[in-house]
Amino acid sequence: MAIQECHLTALLVTSVVAAILGSLQVGYHTGNVNSPAKIIEEFFNQTWKERHNETMSEHSLTMLWSVSVSIKDFGALLGCLGVKYLADSFGRRNSILIVNCLSVLGAGLMVASKTIEAFEALILGRLLFGLFCGLVMSLNPLYIQEVSPTLLRGAFATLNQVAFASGILLGMVSGLETMLGTEKLWSVMLSLSLIPALAQYLILPFCPESPRYLLINKGQENKADAALLRLRGSPERVLVELEEMKGEAAHTKLSVGIFQFFSKRSYRQPIIIVLCINLGSQLSGFNAIVNYSTRMFQAKFDEAKYLTLGVGAVNMIFTLVAFFLMERAGRRRLLLIGFIFIALCNLLMTIVDSVVHLVPELGSLQVLLVFCLISAYEVGPGPISWFIAGELFDQPCRSIAMAFASMLNWGGKFLLALIFPPLLKVIGGYSYLLFMVMALIGFAFTWFRVPETKGRTFDEIAEEFRGAENLPLHNKNGFNTFS
Ligand SMILES: *[C@@H]1O[C@H](CO)[C@@H](O)[C@H](O)[C@H]1NC(C)=O
Ligand SMILES: *[C@@H]1O[C@H](CO)[C@@H](O)[C@H](O)[C@H]1NC(C)=O
């Protein structure tokens, strides 16, 4: 693809990079809590002792720590509820700037908790930060897709996942005992997310608002025209894209409420697609296996710490692979490849798990399988599940769709964290078979229903679903084929 054809300008790249500084922070606070867990628990214990003149029991301490960790994902689930209101009232870019306050405030509280000796501040800080996670992981793909030219839309949206995965790796590294995960420095470690947050405040205000939002949601053609000219740099290109946007505007209502979103016939198929892709990605075990792998490594290897870092590194590298493949292979093919390999890895995990006590050497094979599963997830289902909703819906309900997809993602993750430990206790390694089934459902559904969106304008994609207005759900019109 020639660069001119893609209409890649410096301002476009700057806008995308400024936006993904948010996901970098989300990743950072996901990766940095595991290593220093014991040290921060000890801080809880000490604070409690100074206040109440008694130490905390092992049990309450473990409980309090799990609450502190999982409250972030709970906050994220709540945060999704605000996406539509913010994105449609203040605009995509401004909403990202607004929610960045939550990150600054949350990180500030986490850091202050050590100085003021109050673990409540740390928990509250993580809750606020969680709200930020839910909001920004929907707002970012929304903004990025709306400012990107069609031929780069998926690749740039995947950059959001690259930033998220890089954040996780950075968090893991800085949380190490040899880095900042020490009794003295852990609060400094938590404060580092303020750097990208402040950088975003310096850069993003100078980037343009989404032209689609300005034109279709607000009806401000002049502003949309100016924003698009800044992003593309070529007036001819602006004309072509404005025409396409007006086409989309002509086909849609001004605004869509939540009720209409779920009841309109032409949205039904995309809703089911989003539901299946997101639940398939989340419930096929990725997060549970990644979290559990740390313990699995610790039980078996002396170098567990470095294997865990390896998980973070493989995770990041394969988001980059997805970035390079997204516009070449297309969403469908990457989803299919991802799901089938996740299913295969889960099947092998079950087999290895049931014979590993006979042949202990197979332990290293388990590590390899964890790495394969991570690669399969990040190459397709991981990044695509975060942005596909933006491509499948038209402008008035794109923000609701993103919020809906995010809720499924965070909710699925939350549910998995809740059910995996008891599941593992009851049926052991056969849990992976359940994950395999979920991945296969994702695969089958993608095969039969998910359209290729690569290289198509928003209006072209929406047109396929508008056809469903008078047709049964399973309308086959040569659409579900590899392009
Ligand atoms: C703390 O508790 C111990 C016994 O548990 C008691 O001897 C001591 O006086 C208490 N100190 C304060 C300041 O209440
Ligand atoms: C809390 O700290 C005290 C020492 O101050 C220690 O004896 C106790 O084991 C700690 N509790 C836990 C659950 O780690």
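Every number for a ligand or one of its atoms is a count from 1 in the order of the listing. Only a predicted model underlies this, so the values are computations on that prediction, with no experimental measurement involved.
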Please list all pairs passing the ring pair (Phe, Tyr, Trp, His ring centres under 6.0 Å) test where one or both residues lie in residues 268-324, with sequence neighbours left out. F286-Y377, Y292-F420
Atom pair CH2 (W65) and CZ (F44), whose distance is rounded to the nearest 0.5 Å: 6.0 Å
Going by the rule ring-ring contact (aromatic ring centres under 6.0 Å, His included), which residues pair with H59 if we only count those two or more places apart in sequence or in a different chain? none
For residues 122-134, run the donor-acceptor check on the side chains, cut-off 3.5 Å, and write out each pair with its distance to 0.1 Å, sequence neighbours left out.
| from | atom 1 | to | atom 2 | distance (Å) |
| --- | --- | --- | --- | --- |
| R126 | NE | S68 | O | 2.7 |
| R126 | NH2 | V69 | O | 3.1 |

Check: F43 ring centroid to W186 ring centroid under 6.0 Å: yes
Identify the protein atoms, limited to N or O, that lie within less than 3.5 Å of an N or O atom of ligand 2, and list each pair with its distance to 0.1 Å.
| from | atom 1 | to | atom 2 | distance (Å) |
| --- | --- | --- | --- | --- |
| ligand 2 | 2 (O) | N45 | ND2 | 2.3 |
| ligand 2 | 5 (O) | Q46 | NE2 | 3.3 |
| ligand 2 | 5 (O) | K49 | NZ | 3.4 |
| ligand 2 | 11 (N) | N45 | ND2 | 2.8 |

Do the rings of Y85 and F90 sit parallel, tilted or perpendicular, given the 30° and 60° boundaries? perpendicular
